[in-house]
Amino acid sequence: MNLIAHLTCFVAVAEELHFGRAAQRLGMAQPQLSQRLKRLEGELGVRLVDRSSRHVGLTDPGRRLLDEAREILARVQRVYGLTERSPDTGTLRAGVPGELGAGTVAALIGAFRERRPDTVLDLRSLGTTAQVEQLADGSLDVGIVRHPVETHGLVVGPVAAEPLGVLLPASSPWAGTAGVHLSDLAGSELAVFPRGEAPEAYDRLLADCARHGYQPAAVHDSPNPEFTLGLVLAGRAVALTPYAEPPPGLTWCPLLGRPLLTRLSCAWRRGTDEAGPVGDFADAVADVLRERAAAAPREAAVRPRLVVRPASAFLA
């Protein structure tokens, strides 16, 4: 059990005395918050919160724990503060979405190393939901999150909006064409990241597909790029991805009209020194995503172009 994460949830509920407000404060789903609190109660063997449909209150053990929990979390934040005051050394814990791709991850590591050669980059493959939780409880310093996403209590960097294309078997009739319409994919199955990793982004993607005439015959949850490639190579599904050099046996085609965008940005805890490693990581991410967009095939009728906008443009 991640004790710090569970104590963070307990303190939020104790201070708000409302599960909905506490979940919003932490940037997480209410059922997930409830589950964490129940796990903490199970671990301690006591009930900390009295719940009813109209009232949330602390039990006697909950009231006794509250001050101690606040002190523990304050001590943890002081430890993090010590490392933030030495920005040129130490470790930066960064979350990246699993579908980012091997080439992009390698480029990101290199770009950050150029900026911060003395800082160890601890990369963790995490979905957006897990990143937001770990940023809130302090077990992560910075993350690359998918939009739309609830980021209460976090600072969000500029959002990079990158067009999606379609990954297909090389034997596909669209291989080598200038592009395809989403409606051309009607009847094809789709491989996509699991909904739990980024629920809002998942729902937006499928809604946009339907609006443009593509309702997948089936949707396969794909937890990593290798599984996605396997499904596409086997002819079981197509995948909607930003441009990346496809491996043998696959082809990538742009979607005509640029109907779909993937929106990524860095996010970090409010109060973090943005002139330190976190800011350099955010700059490295922006540079790598620009280079990825620029590498898209020039012969495509609609060449993918990275558009970087302030986060507020996507969070309204």
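Along the sequence shown, the residues carry numbers beginning at 1.
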### Cys209 side, atom SG; Leu190 side, atom CG - distance, nearest 0.5 Å
6.0 Å
### Query
What distance do Leu33 atom CG and Glu16 atom CD have between them, rounded to the nearest 0.5 Å?
10.5 Å
### Query
How about Val278 and Asp273: do any of their side-chain heavy atoms sit closer than 4.5 Å?
no
### Task
Would you mind checking if Glu133 and Arg36 are paired as a salt bridge, meaning a charged N to carboxylate O distance below 4.0 Å?
yes
### Query
Has the side chain of Arg63 got a donor or acceptor atom that lies under 3.5 Å from a matching backbone atom of Leu58?
yes
### Task
Kindly indicate, with the supporting measurements, whether the criterion side chain to side chain contact (heavy atoms under 4.5 Å, CB included) is fulfilled by Thr8 and Leu73.
CA-CA 7 Å; Thr8 299; Leu73 295 178; 3.6 Å; yes
### Task
Report yes or no: does Thr151 contribute a side-chain atom to a donor-acceptor pair with the main-chain N or O of Leu154 at less than 3.5 Å?
no
### Query
Heavy-atom distance under 4.5 Å between the side chains of Leu168 and Cys253, does that happen here?
yes
### Query
Okay, side chain of Arg93, backbone of Gly138: is any donor-acceptor separation there less than 3.5 Å?
yes
### Message
Quick one: does any side-chain atom of Glu41 pair with a main-chain N or O of Val46 as donor and acceptor, under 3.5 Å?
### Response
no
### Message
Assess the residue pair Ile144 and Phe281 against the criterion (side chain to side chain contact (heavy atoms under 4.5 Å, CB included)); give the C-alpha distance rounded to whole Å, side-chain angles, the decisive distance to 0.1 Å, and a yes or no.
### Response
CA-CA 10 Å; Ile144 305 175; Phe281 181 82; 4.0 Å; yes
### Message
So does Leu48 get a backbone contact from the side chain of Thr59, meaning a donor-acceptor N/O pair under 3.5 Å?
### Response
yes
## Note on the structure
Contacts of Glu71 meeting salt bridge (charged side-chain N to carboxylate O under 4.0 Å, His left out) (sequence neighbours excluded), chain-then-number -> Arg75, Arg78
### Message
Tell me if a side-chain donor or acceptor on Trp252 pairs with a main-chain N or O of Thr241 at a distance below 3.5 Å.
### Response
yes
### Phe193 and Asp221, any side-chain heavy atoms less than 4.5 Å apart
no
### Query
Of all heavy-atom pairs between Pro173 and Thr177, which one has the smallest distance, and what is that distance?
O-CG2, 4.0 Å
### Task
Report whether Leu3 and Leu66 are members of the same hydrophobic cluster (ILVMFWY, side-chain heavy atoms less than 4.5 Å apart, transitive linking).
yes
### Query
Do the non-hydrogen side-chain atoms of Ser265 and Val145 ever get within less than 4.5 Å of each other?
yes
### Task
Would you check if Asp283 and Phe112 make a side-chain contact, meaning some heavy-atom pair closer than 4.5 Å?
no
### Query
Under 4.0 Å between a Lys/Arg side-chain N and an Asp/Glu carboxylate O for Asp118 and Arg116?
no
### Message
Looking at Glu189, I want to see if its CD is surrounded by more than 12 non-hydrogen atoms of other residues, nucleotides or ligands under 6.0 Å.
### Response
yes
### Message
Please find the pair of heavy atoms, one from Ala178 and one from Pro254, that lie closest to each other, and give the distance.
### Response
O-CG, 3.1 Å
## Note on the structure
Smallest heavy-atom separation, Gln131 atom then Gly95 atom, equals OE1-O, 3.3 Å
### Validation row: Thr251, Pro169 side chains within 4.5 angstrom (heavy atoms)
no
### Message
Give me the atom names and distance for the closest heavy-atom approach of Glu274 to Val155.
### Response
OE2-CG1, 3.8 Å
### Query
Between Tyr202 (side chain) and Val192 (backbone), is there a donor-acceptor pair under 3.5 Å?
no
### Minimal non-hydrogen separation, Tyr214 against Leu182, with atom names
CB-O, 3.4 Å
### Message
Looking at Thr262 and Glu162, would you say the former's side chain and the latter's main chain have a donor-acceptor pair under 3.5 Å?
### Response
no
### Leu44 reachable from Leu37 in the ILVMFWY side-chain graph, under 4.5 Å edges
yes
### Task
Start with the C-alpha distance between Leu264 and Val285, add both sets of side-chain angles, then the distance that settles side chain to side chain contact (heavy atoms under 4.5 Å, CB included), and finish with yes or no.
CA-CA 10 Å; Leu264 299 173; Val285 169; over 6 Å; no
### Message
Strictly distance-based, threshold 3.5 Å: is any side-chain N or O of His181 a donor or acceptor partner for the main-chain N or O of Asp184?
### Response
no
### Query
Atom CD in Gln215, atom OG in Ser188: separation rounded to 0.5 Å?
13.0 Å
### Message
Run the side chain to side chain contact (heavy atoms under 4.5 Å, CB included) test on Arg195 and Asp203 for me, step by step, so that the C-alpha distance in whole Å, both residues' side-chain angles and the decisive distance to 0.1 Å come before the verdict.
### Response
CA-CA 8 Å; Arg195 185 178 185 276; Asp203 292 344; 2.7 Å; yes
### Task
Drop me the distance from Lys38's NZ to Cys9's SG, to the nearest 0.5 angstrom.
13.5 Å
### Message
Any non-hydrogen side-chain atom of Val105 less than 4.5 Å from a side-chain atom of Ile109?
### Response
yes
### Message
For a quick check under 3.5 Å, do Ser183 and His212 share a side-chain donor-acceptor pair by atom type?
### Response
no
### Query
Leu126 versus Gln134: any side-chain heavy-atom pair under 4.5 Å?
yes
### Message
Could you measure the distance from the CZ atom of Arg204 to the CZ atom of Arg211? Nearest 0.5 Å is fine.
### Response
8.0 Å
### Query
Any donor-acceptor pair under 3.5 Å linking the side chain of Thr128 with the backbone of Arg146?
yes
### Message
Whether Glu15 and Arg70 form a salt bridge (side-chain N of Lys/Arg under 4.0 Å from carboxylate O of Asp/Glu) is what I want to check.
### Response
yes
### Rounded distance [0.5 Å steps], CG in Asp141 versus CG in Asp122
8.5 Å
## Note on the structure
side chain to side chain contact (heavy atoms under 4.5 Å, CB included) with Leu167: of Leu231, Leu229, Leu233, only one passes, and it is Leu229
### Query
Looking only at heavy atoms, what is the nearest atom pair of Leu121 and Ala94, with distance?
CD1-CB, 4.0 Å
